[in-house]
Amino acid sequence: MGKVGTEIVKVDVQGLLGELNKALADEWLAYYQYWVGAKVAKGRMRPQVVAELTEHANDELRHAGMLADRIMQLGGTPILEPKEWYNFTNCGYSTPSDPSTAALLNQNIEGERCAIKVYSKILDFVKGKDEITEEIVREILKDEIEHEEDLESILEDLS
Ligand code: FE
Ligand code: FE
Ligand code: MG
């Protein structure tokens, strides 16, 4: 834990740690939803959908790493128990029980829309008050916006 690194943060650090851990739970659930979705996907444009879902899964895992590193810097502990993901999550988990490519795309678009709202809220909270978290959240938000648009475009090509 960085003493001065945490002192310069001009927001309630415990509150921020709570939000970062909730986002961390979202990222792990999003990672698995994409990852397993890519495994079970069936139907039209399967290869392209699998490639996109796999790419997004990797992005979500990278986001989880960025959040966990920042949580550690701020003197917190990243969620240690996977079963806690369900208690912390903002965006939940959509079981890909319908493996059709269109259904998977729709589920993941919903997830991205939720993620965009979550990160936009955290960004408002830290803006000008914690520049390091601000930079991390800005980078993640940019990816989530790209994810939403990528999935929407593939869905449009499908229909
Ligand atoms: Fe993400
Ligand atoms: Fe995403
Ligand atoms: Mg993409």
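Side-chain atoms are counted along with the backbone in the values below, which use heavy atoms only and exclude waters and symmetry mates. Both counts, for ligands and for their atoms, begin at 1 and track the order of listing.
A donor-acceptor contact shorter than 3.5 Å links the side chain of Arg46 to the backbone of Ala41. At distances below 3.5 Å, not a single donor-acceptor pair connects side-chain atoms of Glu152 with backbone N or O atoms of Ile109. Without hydrogens or angle criteria, Gln33 side chain to Ser94 main chain gives a donor-acceptor distance under 3.5 Å. Side chain of Asn21 to backbone of Ile79: a donor-acceptor contact under 3.5 angstrom is found.
Residue contact annotation: Glu148 places no N/O/S atom under 2.8 Å from the Fe ion (ligand 2). Among the atoms of Asp150, an N, O or S atom falls under 2.8 Å of the Mg ion (ligand 3). For residue Glu144, an N/O/S atom approaches the Fe ion (ligand 1) to within less than 2.8 Å. Look at His56 and the Mg ion (ligand 3): an N/O/S atom of the residue is under 2.8 Å from the metal. At least one N/O/S atom of Glu52, whether from backbone or side chain, sits less than 2.8 Å from the Mg ion (ligand 3). Residue side and main chain included, Asp143 places no N/O/S atom under 2.8 Å of the Fe ion (ligand 2).
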- Query: Would Arg62 and Asp143 satisfy side chain to side chain contact (heavy atoms under 4.5 Å, CB included), going step by step from the backbone distance to the final call?
  - Reply: CA-CA 11 Å; Arg62 185 168 47 81; Asp143 288 343; 3.1 Å; yes
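Scanning both residues, Glu144 and Tyr119, for their nearest heavy atoms gives OE2-CE1, 3.7 Å.
Between the Fe ion (ligand 1) and the N, O or S atoms of His63, the shortest distance is to ND1. Among heteroatoms of the N, O or S kind in Glu60, OE1 lies nearest the Fe ion (ligand 1).
A ring pair (Phe, Tyr, Trp, His ring centres under 6.0 Å) with Trp28 is found for exactly one of Trp35, Trp85, Tyr93, namely Trp85.
With the Fe ion (ligand 2) as the vertex, ND1 (His147) and OE1 (Glu112) define an angle of 100°, rounded to 10°.
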